[in-house]
Amino acid sequence: MSENLPPCPKCSSEYTYAMDALMVCPECGHEWSPAETAGATGTGNAADPAGRVVRDAVGNVLSDGDTVTVVKALKVKGSPSGIKAGTKVRNIRLVDGVDGHDIDCRVEGFGAMQLKSSVVKKV
């Protein structure tokens, strides 16, 4: 293979490879569109390769690694108590979830779960 592939925009690794229409970095797991790096780099939400912008309950743009606060009490299936309003959730990850659950996270005392961006506020 003699094609020159661009380095990873996140970790600058030179070991990238093409997978369908995306470029993938095996070292950090970052996926991006080649057109994204050729265009205006640094605009939009770099954590979401689809170009989708995820906003919290008050309109702030969320990205991977942010810390958010739950703005209303949430019931948790199988738990006698739910998540209280004001609970901090660190190091979120944006995903294409089911039924609008677009944040993958670990909530202290409850474990891994998915939340909707409409019930959190960026700290």
Side-chain angles (χ1 to χ4, degrees):
M1 297 182 81
S2 63
E3 58 184 82
N4 293 329
L5 299 175
C8 176
K10 260 193 168 175
C11 70
S12 300
S13 171
E14 59 188 38
Y15 302 110
T16 58
Y17 62 92
M19 183 174 69
D20 296 326
L22 296 176
M23 299 297 297
V24 180
C25 175
E27 292 185 2
C28 70
H30 180 64
E31 297 178 350
W32 73 97
S33 170
E36 182 179 301
T37 56
T41 306
T43 59
N45 189 358
D48 192 359
R52 181 177 55 107
V53 176
V54 178
R55 297 185 182 272
D56 66 2
V58 294
N60 298 323
V61 177
L62 297 174
S63 61
D64 287 349
D66 282 346
T67 299
V68 296
T69 302
V70 178
V71 294
K72 70 179 214 175
L74 302 173
K75 294 180 181 178
V76 178
K77 193 176 194 179
S79 174
S81 63
I83 299 173
K84 296 180 182 179
T87 302
K88 279 192 178 182
V89 180
R90 292 179 176 84
N91 200 16
I92 65 168
R93 197 176 113 215
L94 301 178
V95 295
D96 289 328
V98 180
D99 294 332
H101 293 83
D102 46 10
I103 296 175
D104 194 21
C105 61
R106 182 174 305 277
V107 178
E108 193 70 33
F110 291 95
M113 64 177 51
Q114 290 188 342
L115 298 173
K116 292 184 178 182
S117 60
S118 61
V119 298
V120 298
K121 181 175 84 171
K122 188 173 181 177
V123 175

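In this text, all values refer to a predicted model and were calculated from it rather than measured experimentally.
Evaluation of the side-chain contact (heavy atoms from CB on, under 4.5 Å) rule for Ser13 yields Cys8, Cys11, Tyr15, Cys25, Glu27 as partners, not counting sequence neighbours. With sequence neighbours left out, the side-chain contact (heavy atoms from CB on, under 4.5 Å) criterion links Val98 to no other residue.
Note that CG of Asn91 is 10.0 Å distant from SG of Cys105, once rounded to the nearest 0.5 Å. Rounding to the nearest 0.5 angstrom, the gap separating the OG atom in Ser79 from the CG atom in Leu74 is 11.5 Å. Rounded to the nearest 0.5 Å, atoms CG (Leu94) and CG (Asp66) are 7.5 Å apart. To the nearest 0.5 angstrom, Arg90 atom CZ is 8.5 Å from Glu108 atom CD.
Between Asp56 and Lys121, no side-chain nitrogen of the basic residue sits less than 4.0 Å from a carboxylate oxygen of the acidic one, so the salt-bridge criterion is not met.
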*Where do Gln114 and Val95 land on the side-chain contact (heavy atoms from CB on, under 4.5 Å) test, with the steps shown first?*
CA-CA 9 Å; Gln114 290 188 342; Val95 295; 3.8 Å; yes

*From CA spacing to verdict: side-chain contact (heavy atoms from CB on, under 4.5 Å), Glu31, Met19*: CA-CA 9 Å; Glu31 297 178 350; Met19 183 174 69; 3.9 Å; yes

*Given the rule in the salt bridge (charged side-chain N to carboxylate O under 4.0 Å, His left out) test, do Asp64 and Arg93 qualify, once you have shown the distances and angles that lead to the verdict?*
CA-CA 5 Å; Asp64 287 349; Arg93 197 176 113 215; 5.8 Å; no

_Let's go through Ser117 and Leu62 carefully: what are the C-alpha distance in whole Å and the side-chain angles of both, what is the deciding distance for side-chain contact (heavy atoms from CB on, under 4.5 Å) to 0.1 Å, and is it a yes or a no?_
CA-CA 8 Å; Ser117 60; Leu62 297 174; 4.1 Å; yes

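Annotation: side chain of Pro9 is in contact with side chain of His30 (closest heavy-atom distance under 4.5 Å). Contact annotation: the side chain of Thr16 never approaches that of Val24 to less than 4.5 Å [non-hydrogen atoms, C-beta and beyond]. Residues Phe110 and Val76 have side chains in contact (heavy-atom distance under 4.5 Å, counting atoms from C-beta outward). Side chains of Thr87 and Val107 form a contact here, defined as non-hydrogen atoms less than 4.5 Å apart. Side-chain contact check for Val120 versus Thr69: every heavy-atom pair is 4.5 Å or farther apart. Thr67 has its side chain out of reach of Val89: every pair of non-hydrogen atoms, C-beta onward, lies at least 4.5 Å apart. Two residues are said to be in side-chain contact when any heavy atoms from C-beta on lie closer than 4.5 Å; Asp102 and Asp96 fail this criterion. Residues Met23 and Leu5 are in side-chain contact: their nearest non-hydrogen atoms beyond the backbone lie under 4.5 Å apart.
What you find for Trp32 and Pro6 is that their closest heavy atoms are CZ2-O, 4.2 Å.
Hydrophobic clustering (side-chain heavy atoms under 4.5 Å, transitive across Ile, Leu, Val, Met, Phe, Trp, Tyr) groups Met113 together with Val119. Linking Ile, Leu, Val, Met, Phe, Trp and Tyr residues whenever their side-chain heavy atoms come within less than 4.5 Å leaves Val71 and Ile92 in two separate clusters.
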